[in-house]
Amino acid sequence: MQTQPTASHFINGEYVEDTNGTPIEVIYPATGEVIATVYAATPEIVEKAITAARDAQAAWAAMTGTERGRILRRAADIMRERNHDLSILETYDTGKPYQETSVADATSGADALEYFGGLAASLTGEHIQLGEDWVYTRREPLGVCVGIGAWNYPTQIACWKGAPALACGNSIIFKPSETTPLCALKVAEILVEAGLPAGLYNVVQGMGEVGASLVTDPRVDKVSLTGSVPTGRKVYAAAAEGIKHVTMELGGKSPMIVFEDADIENAISGAILGNFYSSGQICSNGTRVFVHRDIKEAFLKRLAERLDTAVIGDPMDPDTSFGPMVSKRQMEIALGYVEKGKAEGARLVYGGAAIDRDGFYMQPTVFADVTDDMSIAREEIFGPVMSVLDFETEAEVMARANATEFGLAAGVFTKDLSRAHRVAAGFEAGTCYINTYNDAPVEAPFGGMKNSGVGRENSKAAIDHYSQLKTVYVRMGDMEAPF
Ligand code: NAD
């Protein structure tokens with residue numbers, strides 16, 4: 001593989017290896033073959049990364065926003081020029097089809113670098129006049145940020161955390177998921193090529209304990225995690241010990257409501273994108289599809305016809321539209337939920353089995369007649385398993401849609417304008433969709449309510465999570481004191 005990074009870690013502007021760390025095999029999900037080995041960071045590697053990040057940050061923060069932004073925008077241009085190679089690497093790391101990775105990963109990372117690069121020059125405090133006296137605020141960086149990634153979007157996550165952190169004048173240490181360690185190294189390499197001074201974007205590999213050692217280090221000021229709710233609880237608690245800033249992008253079990261007046265083809269497109277894109281391994285997926293009783297059977301029939309047209313196969317083939325899952329373990333988890341769905345009385349209407357070929361393939365799977373209490377309706381599966389639930393009234397479906405610990409996303413398909421906005425307002429979820437699903441443009445805030453997270457990524461909102469305000473009070477006259 002030509003595009004492969006040359007060592008496990010990227011620290012202080014260069015690749016670094018330490019083979020004393022625990023070996024982590026990188027497996028290509030389409031074949032099950034080992035394509036690379038990286039080594040988990042030893043305490044020495046972690047120390048090196050934190051020292052580099054600490055040492056480099058002040059000079060970076062002292063540069064103008066225009067200068068910082070120019071480097072990020074140059075990195076965005078390089079990512080776009082190399083989109084093909086980066087997409088191939090993303091496919092090797094995750095197994096997602098090239099048809100997806102060529103339009104959704106390096107491109108999305110480049111969008112974040114371009115957007116926050118553009119914003120960097122306009123980050124300001126404000127002036128507040130108080131009679132003769134006045135206050136001004138300075139928008140200052142937090143210092144050293146730690147980013148910890150999930151395995152489903154390794155390039156995108158590395159950029160969604162790195163771009164706003166760097167734009168605000170921070171340095172960052174990114175720990176990718178141990179399942180997909182390769183892509184973030186390329187992001188680091190490109191940033192340095194674009195002119196980013198050494199030490200500002202570092203990548204260290206490892207399992208949870210490497211993440212934990214970063215989170216608990218007193219020299220780290222902020223932690224941004226993309227991962228599951230159980231991991232989020234641990235990382236949030238560890239960060240709280242040091243009163244650190246946090247962003248938590250966690251899991252979901254999002255509802256998608258299809259009313260009887262919906263455009264059925266569009267609703268099915270939404271259900272397909274929100275359940276089977278990336279083989280269902282997307283946090284914001286609308287995995288509880290509530291379909292109005294009057295149109296349920298028509299919906300299921302047409303859904304099955306559309307699923308029959310999925311091209312399942314080699315993810316490197318540009319015609320393939322449905323690839324393997326990221327790992328054997330993840331596939332087994334999803335297949336386990338298929339068994340639970342059957343055992344708990346749901347009606348399997350499509351798929352439901354592993355596919356007999358190399359790699360970690362399972363069929364796109366649809367259950368109907370799912371009820372709210374079933375495991376497949378309550379728990380995040382993170383695989384290609386859609387649950388279709390019936391409903392009759394808006395009030396009923398809203399109460400059921402919101403009856404979950406999660407609050408990441410939600411969608412509604414209807415032609416009734418008032419109902420669409422009323423439903424969006426009623427959803428307890430951070431990102432809501434009307435007649436669409438899973439769009440995530442960098443211009444829009446993204447993040448969860450309830451157990452799905454804290455803070456927002458993307459958009460101007462992310463700036464608040466990577467910077468802090470300092471208030472400076474200026475007295476123009478004499479000071480009075482009681483004695
Ligand atoms: P995970 O929680 O198992 O791991 C996430 C990351 O945390 C990994 O890098 C892991 O090594 C690290 N980690 C684990 N324990 C840790 C600890 N104690 N301290 C510090 N770091 C630790 O999640 P995953 O299986 O990699 O990803 C799937 C999950 O991520 C799903 O729940 C999905 O919904 C969620 N996700 C959320 C978003 C979002 O933006 N909200 C996006 C993608 C994925």
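First listed ligand is number 1; within each ligand, the first listed atom is number 1.
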Between S452 and ligand 1, is there a nitrogen or oxygen pair with a distance under 3.5 Å? no
Atoms in ligand 1 with a heavy atom of G251 nearer than 4.0 Å: 32 (O), 34 (O)
Looking at D18, T19, T22, which one forms a side-chain hydrogen bond (donor to acceptor under 3.5 Å, both in side chains) with T42? D18
Would you please determine whether V210 falls within less than 4.0 Å of ligand 1 on a heavy-atom basis? no
Ring centres of H245 and Y466 under 6.0 Å apart? no
Measure the distance from atom 4 (O) of ligand 1 to every protein heavy atom, then report the residue, atom name and distance (to 0.1 Å) of the closest one. T231 OG1, 4.2 Å
Between L408 and ligand 1, which part of the residue brings a heavy atom under 4.0 Å of the ligand: side chain, backbone, both or neither? side chain
Polar contacts were defined as any N/O atom of the residue lying under 3.5 Å from an N/O atom of the ligand; does this apply to E457 and ligand 1? no
Contacting atoms of ligand 1, where contact means under 4.0 angstrom from a heavy atom of M207: 11 (O)
Relative to F174, does K161 satisfy both conditions: NZ or CZ under 6.0 angstrom from the six-membered ring centre, and within 45 degrees of the ring's axis? no
Using a 4.0 Å cut-off to any heavy atom of W151, which atoms of ligand 1 qualify? 24 (P), 25 (O), 26 (O), 27 (O)
Assess whether ring pair (Phe, Tyr, Trp, His ring centres under 6.0 Å) is satisfied between Y39 and H9, documenting all intermediate values. CA-CA 8 Å; Y39 296 88; H9 318 287; 8.3 Å; no
Geometric N/O contact K234 with ligand 1, under 3.5 angstrom: no
For atom 5 (C) of ligand 1, grab the closest protein heavy atom and report residue, atom and distance to one decimal in Å. T226 O, 3.6 Å
Which residue and non-hydrogen atom of the protein lie closest to atom 11 (O) of ligand 1, and at what distance in Å? E178 OE1, 2.7 Å
Identify whether the distance between the nearest side-chain nitrogen and carboxylate oxygen of R54 and D217 falls below 4.0 Å. no
If you count every heavy atom of other residues, nucleotides or ligands that lies below 6.0 Å from K244 atom NZ, does the total exceed 12? yes
Could you establish whether Y153 and ligand 1 come within less than 4.0 Å of each other, counting only heavy atoms on the residue side? no
For L273 against N438, the heavy-atom pair lying closest together: O-ND2, 3.8 Å
Please check if the distance between the ring centroids of Y201 and W60 is under 6.0 Å. no
For a quick check under 3.5 Å, do S452 and K253 share a side-chain donor-acceptor pair by atom type? no
S177 to ligand 1, any heavy atom closer than 4.0 Å: yes
Before you tell me yes or no, could you show the steps for W160 and Y115 under ring pair (Phe, Tyr, Trp, His ring centres under 6.0 Å), namely the whole-Å CA-CA distance, both residues' side-chain angles and the distance that decides it to 0.1 Å? CA-CA 10 Å; W160 281 20; Y115 177 85; over 10 Å; no
Purely on distance, is any nitrogen or oxygen of L250 under 3.5 Å from one on ligand 1? yes
Name the closest protein heavy atom to atom 28 (C) of ligand 1, giving the residue it belongs to and the distance to 0.1 Å. F382 CE2, 3.7 Å
Among all protein heavy atoms, pick the one closest to atom 9 (O) of ligand 1 and tell me residue, atom and distance. G149 O, 2.7 Å
For a quick test of reading the model, state the closest non-hydrogen atom pair linking P315 to Y361 and the distance between them. CD-OH, 3.3 Å
Which option wins on minimum heavy-atom distance to atom 43 (C) of ligand 1: N152, T431, L214? N152
Going by the atom numbers of ligand 1, which of them fall below 4.0 Å from some non-hydrogen atom of A212? 19 (N), 20 (C)
Identity and distance of the protein heavy atom lying nearest atom 38 (C) of ligand 1: C283 SG, 3.0 Å
Which ligand 1 atoms are under 4.0 Å away from a heavy-atom of A150? 26 (O), 27 (O), 30 (O), 44 (C)
Heavy-atom pair with the smallest gap, counting every atom of K186 and P5: CE-N, 4.2 Å
Starting from atom 32 (O) of ligand 1, locate the nearest protein heavy atom and write down its residue, its atom name and how far away it is, to 0.1 Å. E380 OE1, 2.6 Å
Can you sort out which atoms of ligand 1 are near G208, meaning under 4.0 Å from one of its heavy atoms? 11 (O), 13 (N), 14 (C), 15 (N), 16 (C), 17 (C), 19 (N), 20 (C), 21 (N), 22 (C)
Atom 23 (O) of ligand 1 [closest protein heavy-atom partner, distance rounded to 0.1 Å]: S228 N, 3.6 Å
Can you list the atoms of ligand 1 that are under 4.0 Å from a heavy atom of F446? 40 (O)
Should K342 and E339 count as an ion pair when the cut-off is N to O under 4.0 Å? yes
Side-chain donor or acceptor of T436 paired with backbone N/O of Y433 under 3.5 Å: no
